[in-house]
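Please read the structure below before turning to the comments.
These values consider heavy atoms only, across backbone and side chains, with no hydrogens, waters or symmetry-generated copies. One-based numbering, in listed order, for ligands and for the atoms of each.
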Amino acid sequence: MASAGAAATEPENHSTCFVQLRNPHIARMKEDVLYHFNLSTSTHDLPAMFGDVKFVCVGGSPSRMQAFIEYVSSELGLGRPGEDHPNICVGTDRYAMFKAGPVLSVSHGMGIPSIAIMLHELLKLLYHARCSGVTVIRIGTSGGIGLEPGSVVITRRAVDARFRPEFEQVVLGERVVRSTELDEPLTRELLQCSADLREFGTVVGDTMCTLDFYEGQGRLDGALCSYTERDKQEYLRAAHAAGVRNIEMESSVFAAMCRACGLRAAVVCVTLLDRLEGDQISSPREVLAEFQKRPQRLVGHFIKKCLAVA
Ligand code: R2B
Ligand code: URA
């Protein structure tokens, strides 16, 4: 087994830190086609389009990421009132991307394979655009363990379904394992932002990242289930005892890839239900819609604070 992506050395000054691709082949390529974004280094001036980006927020759904850019744009006064934020990735419906001043908002779909493809192209985009001092934050939804629904969890580290802080991938037939630790000072800053807002409960805890929403998260309501309610409770309680406070499907590869490329990264997810109480997400749509805005408000406040001192 190979171990990869040892922490990039902590930069003295985050603002002057560039994206470090861990791939010697890229520098030798004449053109780089970012296929799933429908962007390329030969047809787009990436430094002109993206060189000023300092904050990248990623989340599952295109409409949520569009709503986020509209929210930060008006909240932070980044554009003219009523200004449109067109999808930059026109010509493909794989991912959607929106920009307002130094903030980029990108959708990633559901699950590790989907976010991993997006992240390869996003990290290369930031590299080609010669961006520096970038902070990347995943804002999303999750199932909580022992938390009031609507609570927000800031991830200390992402863990796998055996509670290990690792992301494992098979590369050329070999297991490659990367660390999923996240940036501790950034986690603390985000927790302080939630304390400033005083709008909803927020905790810092481990986030379990699974390959599936149903059996992978110990649900009893999928099309397949080979265990009992008691087995499920034992597993979720063991996860809680190991430090896990929520479950979602992208944090491990997100943490591993950002860390390997030297980017300051965080994961901020709202919990839609308490998994010790049930499996179905049955709260009214308007309640869920309000819950989903909580990570956006927290991260919007964080960006506002950063820009105020910049
Ligand atoms: C949270 O919600 C999605 C599943 O409903 C998944 O993308 C995730 O991580
Ligand atoms: N997203 C998940 O992955 N799990 C949940 O329980 C809720 C949202």
Identity and distance of the protein heavy atom lying nearest atom 3 (C) of ligand 1: Met110 SD, 3.9 Å
Heavy-atom check, side chain of Leu78 versus side chain of Pro102, under 4.5 Å: yes
Geometric cation-pi criterion Arg219 and Phe213, 6.0 Å radius, 45° cone: yes
Salt-bridge present (Glu75, Lys304; N to O < 4.0 Å): yes
Backbone or side-chain N or O of Gln217 under 3.5 Å from ligand 2 N or O: yes
Thr210 contact mode with ligand 2 (heavy-atom cut-off under 4.0 Å): neither
Contact summary for Arg259 and Ser179, nearest pair of heavy atoms: NE-OG, 3.3 Å
Which residue and heavy atom of the protein sit nearest atom 5 (C) of ligand 2, plus the separation: Gly143 N, 3.3 Å
Atoms in ligand 2 flagged as close to Ile247, the criterion being non-hydrogen separation under 4.0 Å: 2 (C), 3 (O), 4 (N)
N or O pair under 3.5 Å between Glu248 and ligand 1: no
Path from Ile137 to Val253 over hydrophobic side-chain contacts below 4.5 Å: no
Closest to atom 2 (O) of ligand 1 (judged by heavy-atom distance), picking from Thr141, Ile281, Ile115: Thr141
Interatomic distance, Glu31 atom CD to Ser40 atom OG [nearest 0.5 angstrom]: 3.5 Å
Arg275 N/O to ligand 2 N/O under 3.5 Å: no
Exceeds 12 heavy-atom contacts within 6.0 angstrom, atom CD of Glu229: yes
Side chain, backbone, both or neither: the part of Met110 lying under 4.0 Å from ligand 2 by heavy atom: neither
Lys/Arg N to Asp/Glu carboxylate O, Lys305 vs Glu189, below 4.0 Å: no
Identity and separation of the nearest protein heavy atom to atom 6 (O) of ligand 2: Arg219 NH2, 2.7 Å
For Leu273, atoms of ligand 2 separated by under 4.0 Å from a heavy atom: 6 (O)
Per-atom contacts, ligand 2 versus Ile281 - under 4.0 Å to a heavy atom: 7 (C)
Distance from atom 9 (O) of ligand 1 to nearest protein heavy atom, with residue and atom: Glu250 OE1, 2.5 Å
N or O pair under 3.5 Å between Phe213 and ligand 1: no
Gap separating the NZ atom of Lys124 from the CG atom of Asp32, nearest 0.5 angstrom: 3.5 Å
Euclidean distance, Cys209 SG relative to Met249 CE, rounded to 0.5 Å: 7.5 Å
Atoms in ligand 2 flagged as close to Ser142, the criterion being non-hydrogen separation under 4.0 Å: 1 (N), 5 (C), 7 (C), 8 (C)
Sub-4.0 Å heavy-atom approach of Arg138 to ligand 1: yes
